[in-house]
*Asks:* 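Sharing a structure here in structure tokens format.
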Amino acid sequence: MKKRILFLSALLIAVTCGAMAQSQTGYVKTRGRIVNGKVVAGQGLTGATVHVKGRASVLVKNSNGSFSFPVTTKQFVIESVNKKGYQLVDADAAPKTYVHSPAPIYLVMETPSQLMEDKLAAERKLRRTLTKRLQQREDELASLKEQNRITQEQYNATMQQLYDQQESNEALVREMADYYSRIDYDQIDEFNARVSEFILAGDLAKADSLLRSKGDIDERIRKLNEHHDANVQARETLEKSEQAEQFSREDLAQDCFSFFRRFALDNEPDSALCYIEKRAALDSTNCQWQADAGSYLQKRGMTRQASQYYDMALKAARKMAADHPELYEPLLAKTLNNIALLYTETADVAAAEPLFQESLALFKRLSSTDESTYSPYVASTLNNMAVLYSGNIDNASRVEQLLQETLNIYMSQDNVETYSPVVASIWNNLALLYDETGRYEDSEQTYLKALDLYGKLDQNTHAYDADYAATLNNLSALYFKDGTRLYDSHELLVEALDIYRRLAADDAQHYSPLLAVALNNLSVQEFAMNDKEQGEQAFMESLDIYRAMVKDSPRSYLPILAKGLYDQAIRYYQNDDMEKSEALFQESLDAYRTLGSLNGNTYLPEVAKLLRNLATVCDKRQQWDKAGKMYEEELSINQTLASSFPGEYTSHVARAYGNLSNHAILIKDFDKAIEYARKGLALDESRLFIQANLAAALLFKGEQEPAMAIYRKYKKELRDTFLDDFRQFEALGIIPQEAQQAVKTIKQFINQ
């Protein structure tokens, strides 16, 4: 039964900047939003406390959330911002080094439930846009094919590329949803607010038009470069000119990034890549821009190019930390952690491990002088390292140590309630680890603690329903494995299933896969509890969900659907329901054929297996012609595989000849049966069932002596096979009249 592991998200990179002033003002507020096309300003938060390093804390008393404090140095550090029931929208806003500026500092906070609601709302909008754009592209391609403007091969190749792009967008959707759910529209200009609104609403053409209203971006870059050249020649105005240059650079970078998001959401990865690389090229010393380009290239599978950007990002962060360690060592530690996380996604332990180790050492050193600020970063890095080492049972003790150390740090925080979701997820992961290493009692108790905490978190919001359901599923799997607690296992799974049904009703694209997995698990339980009717019903419902999901993401879900159809077809076969078995075998075969068109020869072995099983069912239903064609195709596929992979499929070819031999007997073509049997045995003598086919074919043709020799030789090994074959042949009326006495004699001989 499938389990789900919950892990922490990555830390974000942030670069600080600003200017000097006599005093610093700021606001603690909620996020400004766009509602019905208009910016709705955020609300000031009273009662918040702003902790500035080296001075007394500032309590926000004004109703508009404003605060101020005197400063005597150019730079200062805001260590934390606290208000009960709220958290910072930008996790990197504190701790953070700021530079004095006459402009106020905006510290944006929201309740955890509001943050989750905003993110889920953004995800729904983005997924709807992706689904809509995919359907438009599919319709466009279908129209071009119908008009013969593209060939079938071009259509297949383009569709495959389109589905590949669609399936790789899940991480992009999460990242973009997180980005848009954290934008404070009070702090961005009208132009960028409108661009963000259009992209989030799926009005990509409007976003494109608005972005292009500033002019051709390449021409603007050219002018920027000309501006830069002019600065070099005009030293007397260099400082003022460079300020204008930097403004243009950042403005261009913002527009490049908006173009990137616009094309990424429109499933145009080449254009998206073009703009994210244009942005990176604007400043090779900006570690954020380099890291973003590397991340996108990695998601597209372009690992070598991605690593080049990662190297530049890390180089920039190292230089900043070397020049001003007191300011930028935290940035270097975060950059190391983030790049290591990206390597973790590809399971590249060798690349990720030293980066995590360096990041951890930096955070630990920073924590030794400022524990309240940096110990959570130590904990997050430890947890990320646990993710890196998970999946290998040999690392179990190492992973447990890392998770326990992470848990201890979070539990020791003064504001421990802030980390409750993280603590619950770590308990879930520890319970999974205990399960995998046979510590079932520890696993059960730890799952129960996670469930209790998720239940408390969900008292006033349903933000953690999915995590709660996943933990229910995992504990259900533990009880099911025990074998003596099937009722408890079933009860937990039904509760998880109810949650997934409710979540899928609101967001089918995201939660339907989890609902399908839960239904599959339920069917396994029902069959184990001898409720075949309910088991079949749950399994068929899960298949229906996969059928629906296949339409949008065939490469992701078609393999799962094909395997599920096959498994249920086997159940029907074992219950002697040949009609239903044939229907599901055929649907599974069709699914594997479709996968073959998308993946070349990858699924040929599965196609051959389905042909063999379907032909067997057809023989049982006396659909002789259909069965024969399928056996012949099975043989052809196995011969192709044997020529491509010498030595691996020879035995499969032999078995296919044996199947054809048996089929030939059923249609009374004894000469062909003998021919096929001898070809099969020439390839693999260990396939003894072929000996039984050869003996029967020889006997029915009248060649009693060579047939009798086989019956004598394999009397012990094939006794039951010989007798079962005779019973089948007699029932079908296959045994010739002249061979019936010989069959009677051989049966007496075998039974002696």
Side-chain angles (χ1 to χ4, degrees), residues 7-18 75 77 88 90-99 171 175 178-179 182 250 253 257 260 276-277 279-299 302-346 348-367 369-370 373-388:
F7 288 114
L8 301 182
S9 59
L11 299 169
L12 301 177
I13 300 173
V15 182
T16 59
C17 59
Q75 297 165 326
V77 176
L88 284 168
D90 178 5
D92 285 329
K96 178 178 176 179
T97 300
Y98 292 84
V99 179
E175 291 171 2
D178 186 73
Y179 173 84
R182 294 177 186 274
E250 291 175 358
F257 200 44
F260 158 72
I276 199 71
E277 289 192 310
R279 176 185 183 236
L282 287 170
D283 186 358
S284 63
T285 66
N286 188 305
C287 65
Q288 181 71 66
W289 298 356
Q290 308 309 314
D292 286 346
S295 175
Y296 188 66
L297 281 161
Q298 184 179 31
K299 288 181 176 65
M302 304 167 72
T303 307
R304 181 181 59 81
Q305 297 93 320
S307 65
Q308 294 173 355
Y309 282 104
Y310 291 155
D311 289 343
M312 287 191 286
L314 194 54
K315 181 179 179 181
R318 288 192 189 283
K319 185 178 187 307
M320 295 167 71
D323 293 342
H324 303 284
E326 71 285 358
L327 295 179
Y328 295 115
E329 277 191 343
L331 172 65
L332 174 58
K334 294 174 186 178
T335 304
L336 288 161
N337 178 77
N338 291 347
I339 295 175
L341 274 170
L342 292 168
Y343 285 127
T344 300
E345 292 177 4
T346 58
D348 191 342
V349 177
E353 186 173 38
L355 299 178
F356 274 138
Q357 293 286 3
E358 187 178 355
S359 174
L360 182 63
L362 276 171
F363 279 134
K364 282 186 174 180
R365 185 162 58 77
L366 290 166
S367 180
T369 57
D370 191 352
T373 298
Y374 291 105
S375 60
Y377 287 97
V378 173
S380 182
T381 306
L382 289 166
N383 184 79
N384 293 339
M385 292 176 70
V387 176
L388 176 67

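All values below were derived from every heavy atom in this structure, side-chain atoms included, with hydrogens, water molecules and symmetry-related copies excluded.
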*Asks:* Quick check against the 3.5 Å criterion: does Tyr310 have a side-chain atom that pairs as donor or acceptor with the backbone of Gly294?
*Replies:* yes
*Asks:* Between Lys96 and Asp92 (salt bridge meaning N to carboxylate O under 4.0 Å), is one present in this structure?
*Replies:* no
*Asks:* Residues in side-chain hydrogen bond (donor to acceptor under 3.5 Å, both in side chains) with Thr373, at least two apart?
*Replies:* Asp370
*Asks:* Asp323 vs Lys319, test: salt bridge (Lys or Arg N to Asp or Glu O under 4.0 Å). Steps then yes/no.
*Replies:* CA-CA 6 Å; Asp323 293 342; Lys319 185 178 187 307; 2.9 Å; yes
*Asks:* Indicate whether the side chain of Asn286 and that of Gln290 have a donor and an acceptor atom separated by less than 3.5 Å.
*Replies:* no
*Asks:* Go through Thr285 and Met312 one step at a time and tell me if the side chain to side chain contact (heavy atoms under 4.5 Å, CB included) criterion holds.
*Replies:* CA-CA 7 Å; Thr285 66; Met312 287 191 286; over 6 Å; no
*Asks:* Report yes or no: does Thr335 contribute a side-chain atom to a donor-acceptor pair with the main-chain N or O of Leu331 at less than 3.5 Å?
*Replies:*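 Checking the backbone N and O of Leu331 against the side chain of Thr335, a donor-acceptor pair under 3.5 Å is found.
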*Asks:* Please answer whether the main-chain N or O of Phe363 pairs with a side-chain N or O of Ser367 as donor and acceptor at a distance below 3.5 Å.
*Replies:*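 Between the backbone of Phe363 and the side chain of Ser367 there is no qualifying donor-acceptor contact (under 3.5 Å).
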*Asks:* Just by distance, do the side chain of Glu353 and the backbone of Met385 share a donor-acceptor pair under 3.5 Å?
*Replies:*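 Flag not set: sc Glu353 to bb Met385 has no pair under 3.5 Å.
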*Asks:* Has the side chain of Tyr98 got a donor or acceptor atom that lies under 3.5 Å from a matching backbone atom of Ala93?
*Replies:*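 Answer holds: yes.
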*Asks:* Sequence neighbours excluded, which residues qualify as ring-ring contact (aromatic ring centres under 6.0 Å, His included) partners of Phe356?
*Replies:* none
*Asks:* So does Tyr377 get a backbone contact from the side chain of Thr381, meaning a donor-acceptor N/O pair under 3.5 Å?
*Replies:* yes
*Asks:* Between Asn384 (side chain) and Ser380 (backbone), is there a donor-acceptor pair under 3.5 Å?
*Replies:* yes
*Asks:* Decide side chain to side chain contact (heavy atoms under 4.5 Å, CB included) for Leu314 and Leu355; before the verdict, give the C-alpha distance in whole Å, the side-chain angles of both, and the deciding distance to 0.1 Å.
*Replies:* CA-CA 10 Å; Leu314 194 54; Leu355 299 178; 4.1 Å; yes
